[in-house]
4 protein chains.
Amino acid sequence: MSQRQSKTEEAGSREGERRRTILRAAIDVFARKGYHGCRIADVAREAGVAYGLVYHYFKNKDELLETVVETGWSGFISRLRTVVEGEGSSLEQKVRGIADVAFEAYRVDPRAVKVLILEVARSPAGTQIVSRQQAFLDTIRMAADMFRSAQATGELRADLDPMLCASLLVGSIELGLTAFVSGLMEDRSPEALERAKVQIAESFLHGVLPGAATSAEVSWKQERSSSGTRPKAGKRS
Amino acid sequence: MSQRQSKTEEAGSREGERRRTILRAAIDVFARKGYHGCRIADVAREAGVAYGLVYHYFKNKDELLETVVETGWSGFISRLRTVVEGEGSSLEQKVRGIADVAFEAYRVDPRAVKVLILEVARSPAGTQIVSRQQAFLDTIRMAADMFRSAQATGELRADLDPMLCASLLVGSIELGLTAFVSGLMEDRSPEALERAKVQIAESFLHGVLPGAATSAEVSWKQERSSSGTRPKAGKRS
Amino acid sequence: MSQRQSKTEEAGSREGERRRTILRAAIDVFARKGYHGCRIADVAREAGVAYGLVYHYFKNKDELLETVVETGWSGFISRLRTVVEGEGSSLEQKVRGIADVAFEAYRVDPRAVKVLILEVARSPAGTQIVSRQQAFLDTIRMAADMFRSAQATGELRADLDPMLCASLLVGSIELGLTAFVSGLMEDRSPEALERAKVQIAESFLHGVLPGAATSAEVSWKQERSSSGTRPKAGKRS
Amino acid sequence: MSQRQSKTEEAGSREGERRRTILRAAIDVFARKGYHGCRIADVAREAGVAYGLVYHYFKNKDELLETVVETGWSGFISRLRTVVEGEGSSLEQKVRGIADVAFEAYRVDPRAVKVLILEVARSPAGTQIVSRQQAFLDTIRMAADMFRSAQATGELRADLDPMLCASLLVGSIELGLTAFVSGLMEDRSPEALERAKVQIAESFLHGVLPGAATSAEVSWKQERSSSGTRPKAGKRS
DNA sequence: CATGAATGAGCGTTCATTCAT
DNA sequence: AATGAATGAACGCTCATTCAT
């Protein structure tokens with residue numbers, strides 16, 4: 001930001017570059033072979049740096065994963081929080097916002113999402129360093145709080161368990177993304193992603209909201225039912 | 001059951017007993033520490049047998065997991081298939097049946113379900129022996145087929161992607177179970193499980209079915225709002 | 001020898017049969033895969049008996065080899081001793097007799113010879129149980145004694161080291177046999193073996209005897225140049 | 001040799017130094033306890049390096065032996081080839097040259113020769129990696145070719161099998177060396193070695209050459225009978 | 001900072017040997 | 001005698017981590 005940076009800052013940015021290279025390599029390798037299935041050497045090779053350099057920037061293999069997770073997760077969480085805490089927006093908008101954030105994260109960096117899903121979301125409690133395990137659960141809790149508040153304002157049916165609603169939403173989104181990650185969905189175009197996002201959000205809302213139809217439902221149904229060739233997607237004819 | 005068993009059966013059952021003991025121990029240990037986080041010694045200790053005996057019954061650590069998975073999965077899948085292929089039952093019934101099977105499996109053997117979820121459903125493709133990875137995807141595909149057929153008969157809205165519907169259903173159930181597995185749900189009583197199951201199925205159906213209310217919805221809502229003792233659950237044989 | 005055998009002897013012979021079966025299997029397996037390269041299970045399978053039975057007849061794996069060696073070697077050594085100590089026979093006759101014994105042993109049981117050569121003749125001193133190592137060296141020493149005596153009677157040139165003579169003879173015979181064992185000699189017919197035996201003996205005698213030609217040399221040369229049917233071999237009982 | 005070495009050479013020699021240290025240790029340990037009788041830990045301890053370093057330089061235990069063999073054997077074979085293909089030298093000279101090479105190799109590094117003899121020359125075919133088994137057989141084949149050529153020029157009697165001649169020569173030399181390796185020969189002084197070498201070569205030549213006496217025989221006999229360091233066998237004064 | 005050689009604990013697997021039946 | 005399940009020490013190999021340069 002300032003015109004001149006101190007030496008430390010310059011070094012920091014240069015150092016940061018290396019650090020980021022390694023982090024990037026770690027994400028790719030973790031996504032490809034999994035945390036347990038790869039060696040530090042794989043990360044170093046992928047990053048094009050010397051073996052030992054990884055240990056200059058990261059205390060150990062675990063911290064490497066920890067950092068990958070925190071980096072990826074913190075951005076995700078903060079964006080999520082912005083959506084969830086958004087004053088003046090309805091539950092509907094918030095739910096759609098959550099789906100937006102998740103699918104956008106996947107669009108921007110699918111491999112990072114894969115790592116977050118595979119290595120963070122699940123994996124035995126015993127092995128887990130607290131922060132990792134917590135990260136994922138916190139997301140669900142955050143959503144649960146949102147649903148609890150919505151119940152207080154009457155936006156959500158009172159007979160539903162907020163924690164379960166959160167699990168359903170997150171589970172739907174996660175397995176929706178997993179369908180792409182795993183190759184179950186053959187069409188991985190941006191349009192297909194967009195459609196999936198909408199279906200997930202609308203189905204969920206439809207399932208849990210008190211009223212019959214959501215406000216966005218009309219346009220959604222119209223869009224979907226009017227033509228078979230997606231006249232509006234435009235991009236890839 | 002019969003008064004006398006043939007020698008083969010006796011021997012078979014005796015040998016099978018040990019084998020099953022080890023398998024059981026493997027499930028518990030895998031559930032507790034994860035496949036990568038445990039050693040063969042842990043399994044042996046848990047089973048109360050000598051180190052080498054594990055290798056008498058299983059070729060190696062991987063085959064041990066493979067067997068755990070196949071054993072647990074095959075029963076699950078066959079029960080699932082029975083539900084999905086059930087002639088004369090509506091989509092609604094099938095969806096509820098799927099939730100029944102999944103939650104019943106969890107009720108009977110939560111640790112086995114945990115292993116199946118953690119070690120099978122996800123984990124890097126590279127490491128995976130085909131059968132493992134496939135097992136989970138096949139489940140989703142089976143559900144997708146079910147939804148495709150339902151679209152043909154008009155039971156499911158034509159504007160939904162069947163594969164995505166399958167992902168949503170499976171994802172909802174899986175994360176619902178994960179909420180219990182991970183401890184997010186504090187109340188793990190049979191009643192709480194039952195409630196969760198119903199909520200998941202109904203929310204999903206609500207979300208994707210063409211009509212406004214499902215046939216079970218009235219009683220469901222009543223049940224929920226009137227008492228916590230499930231006066232009507234009835235189903236469970 | 002007697003008309004009736006005691007129970008013990010009968011049992012002994014039945015027991016001996018099993019024992020011999022296992023021993024035979026051990027020889028074959030050792031010959032095929034080597035002592036270190038095979039497991040007790042291999043021997044048991046080859047013999048068609050149960051795993052544990054091997055341990056009824058032999059204390060451990062090492063004793064099994066020990067027994068193979070002693071059995072095979074003792075007969076060989078005693079036949080050798082008969083030849084070497086033969087009163088009234090010349091050095092020439094003794095040397096030819098040694099070659100006879102060795103090649104006959106190979107003709108009768110090539111695999112046993114292979115084991116003796118591979119597992120006994122050589123192998124690091126440290127590992128060796130005394131008897132094994134000694135067996136082979138004793139053979140050489142026996143031959144050395146023979147040569148020493150022959151020097152005393154003037155049958156062998158005085159300027160040769162008897163121990164070395166023994167090594168040469170044994171080495172020639174052994175590598176001659178190895179040529180067959182290893183497949184270097186393509187023609188493994190009895191005639192080819194016979195010819196090899198003669199060449200080895202004659203070349204050795206030629207090389208170390210004082211005189212120009214050995215007494216058998218004329219007939220040998222004639223035999224070689226005239227016909228392949230060994231008109232004179234005669235010896236073989 | 002040059003005053004300055006390039007960095008690469010320095011590094012190469014430093015890395016090579018460690019590698020050679022381990023190789024040296026492997027030779028010594030293999031010679032002492034045999035390939036099967038020693039553990040990697042023994043090699044590491046002998047070399048004075050950490051366990052894992054062995055695996056830094058060699059892929060596995062087998063490659064370690066393979067390298068020992070190839071290193072030792074290649075030099076031996078190439079020297080042998082020089083002798084065998086030597087233009088203008090007679091069969092006599094070549095045979096003596098072969099003995100020279102073999103005994104010189106033993107003089108320079110008896111333990112390496114021991115390993116080559118024990119672990120390479122013999123050992124069950126199944127276990128053998130091709131190169132090992134082949135190495136030894138190639139040596140015999142090389143000698144066989146030499147003898148075949150000698151027959152064509154009349155230097156060797158036509159009635160002898162060249163392959164067998166090769167086996168005899170190699171066998172004589174090998175067991176001659178074995179006599180030293182195994183301790184059968186008590187006197188292992190350079191002079192004793194020299195005498196053994198001469199006796200082996202002369203006896204062999206005597207045995208297979210067409211003429212009565214070899215050209216070197218006179219001097220050989222004189223040397224043996226005249227010299228003051230052992231007037232007449234006299235055992236070990 | 002950068003490199004990669006060096007270290008050694010950890011773990012999967014083998015297999016000789018014992019033992020209950 | 002015969003069987004094969006049970007035992008556990010032994011050992012090869014991996015790989016996270018440290019260290020000298």
Inset, instruction - Side chain of B:Leu53 only, please: which of F:dT7, F:dC13, F:dT3 is the nearest? - result: F:dT7
[X] [atom1] - [N] [atom2] separation (whole Å):
| X | N | atom1 | atom2 | answer |
| --- | --- | --- | --- | --- |
| D:His36 | F:dG12 | NE2 | P | 11 Å |
| B:Lys33 | E:dC11 | NZ | C1' | 13 Å |
| C:Arg19 | F:dA2 | CZ | P | 13 Å |
| D:Leu64 | F:dC13 | CG | C1' | 14 Å |
| D:Glu63 | F:dG12 | CD | P | 15 Å |
| D:Asn60 | E:dT13 | CG | P | 17 Å |
| C:Asp62 | E:dC15 | CG | P | 17 Å |
| D:Tyr55 | E:dA5 | OH | P | 18 Å |

Are any of the side-chain heavy atoms of [X] and [Y] separated by less than 4.5 Å?
| X | Y | result |
| --- | --- | --- |
| B:Lys114 | B:Arg32 | no |
| D:Arg19 | D:Phe58 | yes |
| C:Trp73 | C:Val68 | no |
| C:Glu63 | C:Asn60 | yes |

Please determine if a side-chain N or O atom of [X] lies less than 4.0 Å away from the OP1 or OP2 oxygen of [N].
| X | N | result |
| --- | --- | --- |
| D:His56 | E:dA6 | no |
| A:Arg18 | E:dA2 | yes |
| A:Tyr57 | E:dC1 | yes |

Please list, pair by pair, any protein nitrogen or oxygen found under 3.5 Å from a nitrogen or oxygen in nucleotides 9-11 of chain F.
residue	atom	partner	partner atom	Å
F:dC11	OP2	D:Arg39	NH1	3.2

Inset, instruction - Treating a pair as Watson-Crick (purine N1 to pyrimidine N3 plus N6-O4 or O6-N4) or G-U wobble (N1-O2 and O6-N3) with both distances under 3.5 Å, list the stems of 3 or more consecutive pairs that involve DNA chain E. - result: E:2-21 with F:2-21
Legend entry - For B:Thr21, side chain to side chain contact (heavy atoms under 4.5 Å, CB included) partners two or more places apart: B:Ala47
Legend entry - Contacts of type side chain to side chain contact (heavy atoms under 4.5 Å, CB included), residue C:Thr71, not counting sequence neighbours: C:Leu23, C:Thr67
Inset, instruction - Mind checking side-chain hydrogen bond (donor to acceptor under 3.5 Å, both in side chains) for B:Arg111 and listing every partner two or more places apart, or none if nothing turns up? - result: B:Asp28
Inset, instruction - Go through the structure and list residues passing side-chain hydrogen bond (donor to acceptor under 3.5 Å, both in side chains) with C:Asp109, not counting sequence neighbours. - result: C:Arg24
Legend entry - Upstream residue (5' side of DNA chain E) when A:Gly48 and D:Ala50 are each assigned their closest nucleotide: A:Gly48
Inset, instruction - Report yes or no: is the cationic atom of C:Lys61 (NZ for Lys, CZ for Arg) closer than 6.0 Å to the six-membered ring centre of C:Tyr35, at no more than 45° off its axis? - result: yes
Inset, instruction - Starting from the 5' end of DNA chain F, give me the residue, C:Val54 or D:Lys59, whose nearest nucleotide shows up first. - result: C:Val54
Inset, instruction - For F:dT21 versus E:dC1, give the span between their P atoms, rounded off to a whole number of Å. - result: 22 Å
Inset, instruction - Give me the ring orientation class for A:His36 and B:His36: parallel if the planes are under 30° apart, tilted from 30 to 60°, perpendicular past 60°. - result: parallel
